[in-house]
Amino acid sequence: MKGRIHKRMIRRLAAIAMLLTCASLGVFFILSALRENIVFFLVPSDIAPIKASEDELEGKGNGESLVGRRIRLGGLVVEGSLMQDATSGEVSFTLTDGQARVAVSYRGLLPDLFREGQGVVAIGEITSRAPDKRGRATFRAERVLAKHDEYYMPRGLEKSLKKRSLWREQP
Amino acid sequence: MMKRLLRLTNPTFVRTLSNSLRGFCLLCAVLCGGLGIAWGALFAPADYLQGESVRIIYLHVPSAILSSVLYGAMGVSSAVFLITRLPAFALLCQAIAPIGLLYTALCIATGSIWGKLSWGAWWVWDARLTSLLVLFFLYVGYFALNDAFNERARARIATSVLVLVGAIDLPIIKFSVEWWYSLHQPASLLRRGGSTIHPDILQPLLLSILGASFFAAWATFMTYDNISLSMRLRRLESTNSS
């Protein structure tokens with residue numbers, strides 16, 4: 001009697017394991033197929049300037065051109081690149097991922113956390129992938145979101161850390 | 001093992017356990033939670049980057065952790081139920097569900113406010129937020145499915161399978177911030193290389209996580225009691241009427 005109960009439980013355990021394995025595999029395949037849609041933003045190297053004429057440009061992914069499509073572009077704001085026109089509210093800055101650079105123009109309010117050297121995600125469209133004078137693609141943002149990393153510390157502490165050159169620059 | 005499980009689910013044993021631990025859990029929940037949140041809200045330092053808005057962490061992180069942990073507990077008890085068919089484990093799952101749903105809703109609400117303050121958006125469709133929204137709908141789906149059957153025995157099996165398959169969402173939530181570029185920050189607490197939160201902010205945070213956990217335990221005892229009592233009542237009514 002006891003043996004029979006045990007056997008049935010082991011069979012159920014095996015069925016559960018099978019169910020979970022199959023479902024996980026299914027989810028895994030779906031997620032890896034959708035990978036490009038799940039990433040929240042592209043990085044500057046994904047849309048790096050290309051020297052060819054714009055009509056020949058083929059974007060990543062489905063072979064569609066990235067130009068003119070609404071995309072989200074994430075990167076670090078290059079130090080010293082922020083320029084603001086107080087009267088028109090026009091803002092421009094450069095985004096980088098360490099390899100490529102993109103010039104972003106934007107009109108509107110920047111989030112409080114927006115800082116040079118800090119990560120941001122700009123939502124808008126690429127105006128040109130051909131390099132401008134400084135070798136950047138150009139991007140027109142309609143919205144700018146600030147990103148922050150996983151580090152938390154009391155206000156004021158980062159100054160003393162910087163002074164003792166213990167400050168860890170953000171990647 | 002079956003014998004030990006049977007003893008564990010014995011109603012008298014469960015009631016004794018619940019009666020002796022409930023008060024302790026509530027006391028710890030009030031003490032740890034109250035202290036943690038008061039400490040975080042009033043005395044902990046502001047963040048160097050996010051300023052005062054970082055204080056939402058003392059609500060957001062505990063509710064986020066518990067939304068997943070409670071679902072994980074539901075998954076384990078569902079698996080045990082499906083294997084042993086001891087109804088007590090299905091009841092445990094049913095008892096945890098409303099508390100998990102509460103924490104998930106709290107996580108989304110506090111996260112939304114925090115997102116508005118730091119990112120500049122109430123909601124974005126990045127992997128972390130989307131996978132947590134899926135968790136929310138898994139909880140809601142659990143209730144819907146549980147009510148969709150006339151026969152309790154069938155409802156228990158169907159909901160257990162749902163909970164178990166839904167548990168695949170848990171690692172996706174946890175690793176969403178590593179596998180894909182997201183707006184949400186990567187893990188600060190449970191990560192390789194230790195926490196990246198300064199002790200002054202970390203200590204009240206750990207305390208409020210502890211408080212939220214004790215509250216969840218207390219609430220689970222209460223809902224479990226409630227469910228088993230109402231079941232007994234129904235059984236008495238049906239024997240009386242027949």
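All heavy atoms count here, side chains included; hydrogens, waters and symmetry mates do not. Throughout, protein chains are lettered first and strands after them, A, B, ... in sequence-line order, and every chain is numbered starting at 1.
Partner of A:Tyr152 under the side chain to side chain contact (heavy atoms under 4.5 Å, CB included) criterion, out of B:Asp200, B:Ile57, B:Leu205: B:Ile57 alone.
Both the backbone and the side chain of B:Leu183 come within contact range of chain A, each with at least one heavy atom under 4.5 Å from a heavy atom of that chain. B:Ile172 touches chain A through its side chain: at least one heavy atom from C-beta onward sits under 4.5 Å away, while N, CA, C and O do not. Of the atoms belonging to B:Asp47, heavy atoms from both backbone and side chain fall under 4.5 Å from chain A. With a 4.5 angstrom heavy-atom cutoff, B:Leu202 does not touch chain A via any of its atoms. Of the two parts of B:Ile168, only the side chain, counted from C-beta on, holds a non-hydrogen atom closer than 4.5 Å to a non-hydrogen atom of chain A. For a residue to count as touching a neighbouring chain, one of its non-hydrogen atoms must lie under 4.5 Å from one of that chain's; by this rule B:Ala44 does not touch chain A.
Close approach to chain A, defined as a heavy atom under 4.5 Å from one of its heavy atoms, is seen in no residue of residues 138-152 of chain B. Residues of residues 108-115 of chain A that come within less than 4.5 angstrom of chain B, heavy atom to heavy atom, are A:Pro111, A:Leu113, A:Arg115 in numerical order.
Side-chain atoms of A:Arg12 come within 3.5 Å of backbone atoms of B:Ile83 as a donor-acceptor pair (strictly under, hydrogens ignored).
Residues B:Ser182 and A:Lys147 approach most closely at O-NZ, 2.8 Å, considering heavy atoms. Across B:Ile201 and A:Pro154, no two heavy atoms sit closer than the pair CD1-N, 4.3 Å. Scanning all heavy atoms of the two residues, the minimum distance from A:Glu150 to B:Ser188 falls at O-OG, 2.7 Å.
Remark: A:Arg107 pairs with A:Glu90 by the salt bridge (Lys or Arg N to Asp or Glu O under 4.0 Å) rule, at least two apart or across chains.
Contact annotation: the side chain of B:Leu49 approaches that of A:Gln118 to within less than 4.5 Å [non-hydrogen atoms, C-beta and beyond]. Side chains of A:Arg35 and B:Trp180 form a contact here, defined as non-hydrogen atoms less than 4.5 Å apart. Side-chain atoms of B:Trp119 and A:His148, non-hydrogen and from C-beta on, do get closer than 4.5 Å to each other.
The distance from the CZ atom of A:Arg155 to the OH atom of B:Tyr48 is 12.5 Å, given to the nearest 0.5 Å.
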Contacts under 3.5 angstrom, residues 37-44 of chain A side chains, donor-acceptor by atom type, not counting sequence neighbours:
none

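Put simply, of B:Thr130, B:Leu164, B:Val177, the one with the most heavy-atom pairs under 4.5 Å next to chain A is B:Leu164.
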